[in-house]
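Small disclaimer: the values here were computed from a predicted structure and weren't measured.
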Number of protein chains: 2
Amino acid sequence: MSESVRLLLADDEHLIRGALAALLALEDDLTVVAEAASGPEALAMALAHRPDVAVLDLQMPGADGVSVATSLRRELPSCQTMIVTSHGRPGHLKRALEAGVRGFVPKTVSAQQLAEIIRTVHAGNRYVDPELAADAISAGDSPLTVREAEVLELAADGAPVAEIAERAALSPGTVRNYLSSAVSKLGAENRHTAVRLARERGWV
Amino acid sequence: MSESVRLLLADDEHLIRGALAALLALEDDLTVVAEAASGPEALAMALAHRPDVAVLDLQMPGADGVSVATSLRRELPSCQTMIVTSHGRPGHLKRALEAGVRGFVPKTVSAQQLAEIIRTVHAGNRYVDPELAADAISAGDSPLTVREAEVLELAADGAPVAEIAERAALSPGTVRNYLSSAVSKLGAENRHTAVRLARERGWV
DNA sequence: GTCGGTGGATGACATCTGTCATACGGGGTG
DNA sequence: CACCCCGTATGACAGATGTCATCCACCGAC
């Protein structure tokens, strides 16, 4: 049937990918034409099989779903992309939408729902899980300046101020100022909880 | 058929749980008798349906797979438990085995393999994914004492010493001692990198 | 040109952390 | 019993961190 939507499934969890392929194959207007277990593989398979829709897991070895979507947008514009994620955080959603992703759903949806969303995306529309969207909206825009976010990111792995200063080419004092203001903007107790909060809200 | 293995599936990701149920149902010696989307629900369903084998996701809301396994061991000893995990870290494996879990596999296995492993577990044998086992062995035993690990865990979310002390019912000075010794044992620069290292090695 | 805003820096100060020595009670082991 | 390790605690001290006020240079707007 030439009407069938050609799908690429990319997920590093074989169990899920296989199960998903089996369930989606039950829908007679959906055809899984390729599967991949990593970011680079997904890209290669997409270019080889030219699917209509790419269903990408967010967390994959090599390159995450959003990077793959970005590449696909450039190299195979005819292919719509959508992200499926285990435990989604709003930051990824924002990144994904900026990358041109048309669908963003958690893995808590059922196969029926997923099939329906695939059709929606294939029709050129967008679909974002309402709950994730609400989270993203309630998280709002980052109150951090570019520098504050940069410094906060460098602080993420527990590096001391001196190291952050070196890596950011700033004076240690300045780094402490930025961290201090970031911490107070986020209402955190110290930079480490600040990093955590910013991560949760997708601001770094 | 009375020979069929009665299964409980617990996973908060509807997509995966449903798909898994569908695939496992294809094996005619396996029957899914209950599904759950959270830790407490898994426990309740297990007690209600008395499955032979419980297939538990590691990450679930409410109570993780290992806690559920621990409770099951006590409240429904006839039920064998196994853990399926997305991105397994060795620490969980050790915890799981101590909780009496008989099978521990990553979601990268195929449905066929999983079915086979379920049979293995049901037969009273154990199965641990070779790669996860290798990781666990190479990570070795934790050099941390129980208290050090406890305190380190409380330090994980960036809480200040005072808060850790309160939550651990210890004096702040003692907390600092433990953190200090944990940091030096792990060769870290500060408690935060120590937390990260311990996490990577599965020691917390 | 003056004004204000922003990025960057400095210095001072209080507090928090990390480290160390020391102390004491309890549980094993020789 | 003596010894050692562990858990717990205290005190002391150096260094790191968080906070604040202040300052300078640059840039764009008025």
Side-chain angles (χ1 to χ4, degrees), chain A residues 91 94 139-204, chain B residues 90-91 94-95 98-99 139-204:
Chain A
K94 190 177 295 184
D141 264 1
S142 173
L144 304 176
T145 68
V146 177
R147 289 304 154 126
E148 285 162 0
E150 268 180 43
V151 169
L152 199 56
E153 195 156 14
L154 288 172
D157 51 0
V161 170
E163 193 180 318
I164 300 172
E166 199 182 352
R167 292 215 275 163
L170 287 174
S171 104
T174 303
V175 168
R176 279 192 285 156
N177 287 337
Y178 285 155
L179 286 176
S180 178
S181 98
V183 164
S184 77
K185 280 179 180 175
L186 295 174
E189 298 186 321
N190 56 45
R191 62 167 109 169
H192 304 287
T193 61
V195 166
R196 192 162 45 77
L197 288 174
R199 279 266 162 84
E200 285 171 7
R201 296 176 167 78
W203 292 340
V204 296
Chain B
K94 188 176 296 182
R95 273 179 60 221
E98 283 162 4
D141 263 1
S142 172
L144 304 176
T145 68
V146 176
R147 288 304 152 127
E148 284 162 1
E150 268 180 42
V151 170
L152 200 56
E153 195 154 14
L154 288 173
D157 52 1
V161 169
E163 192 181 318
I164 300 172
E166 198 182 352
R167 292 214 275 163
L170 287 175
S171 102
T174 303
V175 168
R176 281 189 284 155
N177 287 337
Y178 287 157
L179 286 176
S180 178
S181 98
V183 164
S184 76
K185 280 178 179 176
L186 294 174
E189 299 184 322
N190 55 45
R191 64 168 105 167
H192 305 286
T193 62
V195 167
R196 194 161 42 79
L197 288 174
R199 281 267 162 84
E200 285 171 9
R201 292 174 170 74
W203 290 339
V204 293

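- With respect to the salt-bridge test (charged N to carboxylate O, under 4.0 angstrom), the residues B:D157 and B:R167 qualify.
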Protein proximity profile, nucleotides 7-18 of chain D - base contact B, sugar-phosphate-only contact S, no contact -, cut-off 4.0 Å on heavy atoms: SBBB-B----BB
Pair B:N190-B:V183, side-chain contact (heavy atoms from CB on, under 4.5 Å): steps then yes or no: CA-CA 6 Å; B:N190 55 45; B:V183 164; 5.7 Å; no
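- Read 5' to 3', the first and last nucleotides of DNA chain C with an atom closer than 4.0 Å to a heavy atom of chain B are C:dT17 to C:dC20.
- Inter-axis angle, ends of the helix from C:dG1-D:dC30 to C:dG30-D:dC1, five pairs per end, rounded to 10 degrees: 20°.
- Side-chain polar atoms of A:S181 and A:S184 form no donor-acceptor pair below 3.5 angstrom.
- Screening A:N177, A:I164, A:V161 for a side chain to side chain contact (heavy atoms under 4.5 Å, CB included) involving A:P172 leaves a single residue, A:V161.
- Residue pairs that meet the ring pair (Phe, Tyr, Trp, His ring centres under 6.0 Å) test with at least one member in residues 143-164 of chain B, sequence neighbours left out, do not exist here.
- Checked against salt bridge (Lys or Arg N to Asp or Glu O under 4.0 Å), A:R176 has no partners two or more places apart in sequence or in another chain.
- Closest heavy-atom contact between B:G158 and A:T193: O-CG2, 3.6 Å.
- Identified under the ring pair (Phe, Tyr, Trp, His ring centres under 6.0 Å) test for residues 157-198 of chain B, with sequence neighbours left out: A:H192-B:H192.
- The backbone N or O of B:T145 lies less than 3.5 Å from a partner atom in the side chain of B:E148, making a donor-acceptor pair.
- Counting only distance, with no hydrogens or angles, the side chain of A:E153 and the backbone of A:E150 share no donor-acceptor pair below 3.5 Å.
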